[in-house]
Amino acid sequence: MTQSDLHSDHPPAPGPAHGRSPGHKHVHGHSHSHRRTDYHRAFAIGIGLNVAYIVAEAAAGLLVGSLALLADAGHNLGDVLGLALAWGAAVLARRTPSHRFTYGLRSSSILAALANAIILLVVTGGLAWEAVSRFAHPTPVEGGVMAWIAGIGILVNGGTALLFLRGRERDLNIRGAFLHMMADALVSAGVVAAGIAIAITGLARIDLLVTLLVCAVIVYGTWDLMKEAINLALDAVPEGIDPAAVRSHLARLPGVAAIHDLHIWGMSTTETALTCHLVMPQGHPGDAMLTRIARDLEHRFGIHHATLQIELGDSAEICVLTPETVV
């Protein structure tokens, strides 16, 4: 479903504000037009399948003495928590704004993506530590059972990952859930390979080597998610948006003599906001022009919520936010 709303509003009376002289006009142009997809069913199916599989895998791991199976079960347990966090954030992100939370709870999706990355790295680190500690005294492992149980895990985790495949490109929160499930499928594939190798050679340390290899691959794949989530949490310009290109676009608009106080940040894992002061000596360009600017920012750069302030620059009183070092 696509939702769109466009606003332009004028203050009831111009006056001094933020160091500006009387007569400056303040205008805000907003544009929202982004696709939202419900993943409630995908989360429910993914959590249900993984909980059932965790119980079966942990029981099998204890019976055959496989660290790789127990490690995979522990990893799955962390991912169930990650899925629950992502699901909760997806629900909270749809909450309407309130007097206290004027943007709603959209940014909860950023926190969930960050928590997902942290959980994945912590669980993976624990598995690697346990594998290293067992190298001196590896326990016998029944490779055939390992391979069969882990093979089921590939189907469960891979199938769950496919539920989030389409949303991973435009929502960091959904990408976190997708990476969690793909990581689990990868771990399961590694366990299958280890089980087959152990059944053929009888070498129990293969179980530990595969565990370490899979942990390294998971950490490598999670790093970008972690970095992007931290950047969004710190109000950095979202990945894929070139702030220099946005600045150049606004500066070239008809009637714009200068721009300042440009800020671009992620309101959530799917929505981007912008604020900017446009110095237009010829006066207010009209609501229709603001609407066109907001739409252009959305279509060109994926910026959904643009707030533009018009200044005339017709006096010696300079906006206190003009210097780039002032926020």
Side-chain angles (χ1 to χ4, degrees), residues 1-20 24-40 43 81-119 167 170-177 225-226 228-239 241 243 261-277 287 290-291 294 297-298 301-310 319-321 326-327:
M1 179 174 62
T2 300
Q3 298 178 340
S4 64
D5 64 283
L6 298 167
H7 311 283
S8 286
D9 56 273
H10 302 267
H18 304 298
R20 299 173 195 87
H24 286 174
K25 297 183 178 180
H26 305 265
V27 181
H28 303 276
H30 308 281
S31 174
H32 306 275
S33 179
H34 46 278
R35 186 179 300 275
R36 291 185 176 183
T37 305
D38 285 321
Y39 286 91
H40 300 303
F43 281 118
L81 177 59
L83 282 177
L85 283 172
W87 191 3
V91 172
L92 290 175
R94 291 181 173 274
R95 294 283 296 272
T96 55
S98 67
H99 293 297
R100 177 67 60 182
F101 299 97
T102 57
Y103 276 136
L105 297 175
R106 288 171 166 82
S107 61
S108 60
S109 59
I110 298 174
L111 299 179
L114 180 58
N116 258 326
I118 293 174
I119 290 170
R170 46 181 197 271
D171 189 337
L172 189 66
N173 187 39
I174 297 300
R175 197 205 312 174
L225 173 67
M226 180 85 163
E228 189 171 348
I230 290 175
N231 287 340
L232 285 178
L234 295 176
D235 288 337
V237 177
E239 294 287 336
I241 296 180
D261 198 37
L262 172 62
H263 298 281
I264 307 169
W265 72 99
M267 298 168 60
S268 69
T269 53
T270 58
E271 299 166 281
T272 302
L274 171 149
T275 60
C276 185
H277 294 196
D287 292 349
L290 290 179
T291 297
L297 287 171
E298 181 174 7
F301 305 105
I303 295 171
H304 312 97
H305 187 112
T307 300
L308 304 173
Q309 177 167 294
I310 306 301
C319 173
V320 296
L321 298 177
V326 176
V327 293

Could you tell me which residues satisfy side chain to side chain donor-acceptor pair (under 3.5 Å) with Ser268, sequence neighbours excluded, listed by chain and number? Thr270, Glu271
Return the set of residues passing side chain to side chain donor-acceptor pair (under 3.5 Å) with Trp87 (not counting sequence neighbours), or none when no residue passes. His40
Measuring from atom [atom1] of [X] to atom [atom2] of [Y], what distance do you get when rounded to the nearest 0.5 angstrom?
X      : Y      : atom1 : atom2 : value
Leu114 : Ser109 : CG    : OG    : 11.5 Å
Leu297 : Leu274 : CG    : CG    : 6.0 Å
Leu262 : His277 : CG    : NE2   : 10.0 Å

Which atoms form the tightest heavy-atom contact between [X] and [Y], and what is the distance?
X      : Y      : answer
Thr102 : Pro97  : O-CB, 3.3 Å
Trp265 : Thr275 : CH2-CG2, 3.7 Å
Leu105 : Leu92  : CB-O, 3.3 Å

Applying side chain to side chain contact (heavy atoms under 4.5 Å, CB included), name anything that partners Ser98, two or more places apart in sequence or on another chain. Arg100, Phe101
Restricting to side chain to side chain contact (heavy atoms under 4.5 Å, CB included), what partner residues turn up for Leu232, sequence neighbours left out? Ile110, Leu172, Pro238
Ring pair (Phe, Tyr, Trp, His ring centres under 6.0 Å) with Tyr103: which residues, sequence neighbours excluded?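 With neighbours one apart ignored, the set is His305.
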Does Asp235 form a side-chain contact (heavy atoms from CB on, under 4.5 Å) with His263? I'd like the steps, not just the answer. CA-CA 9 Å; Asp235 288 337; His263 298 281; over 6 Å; no
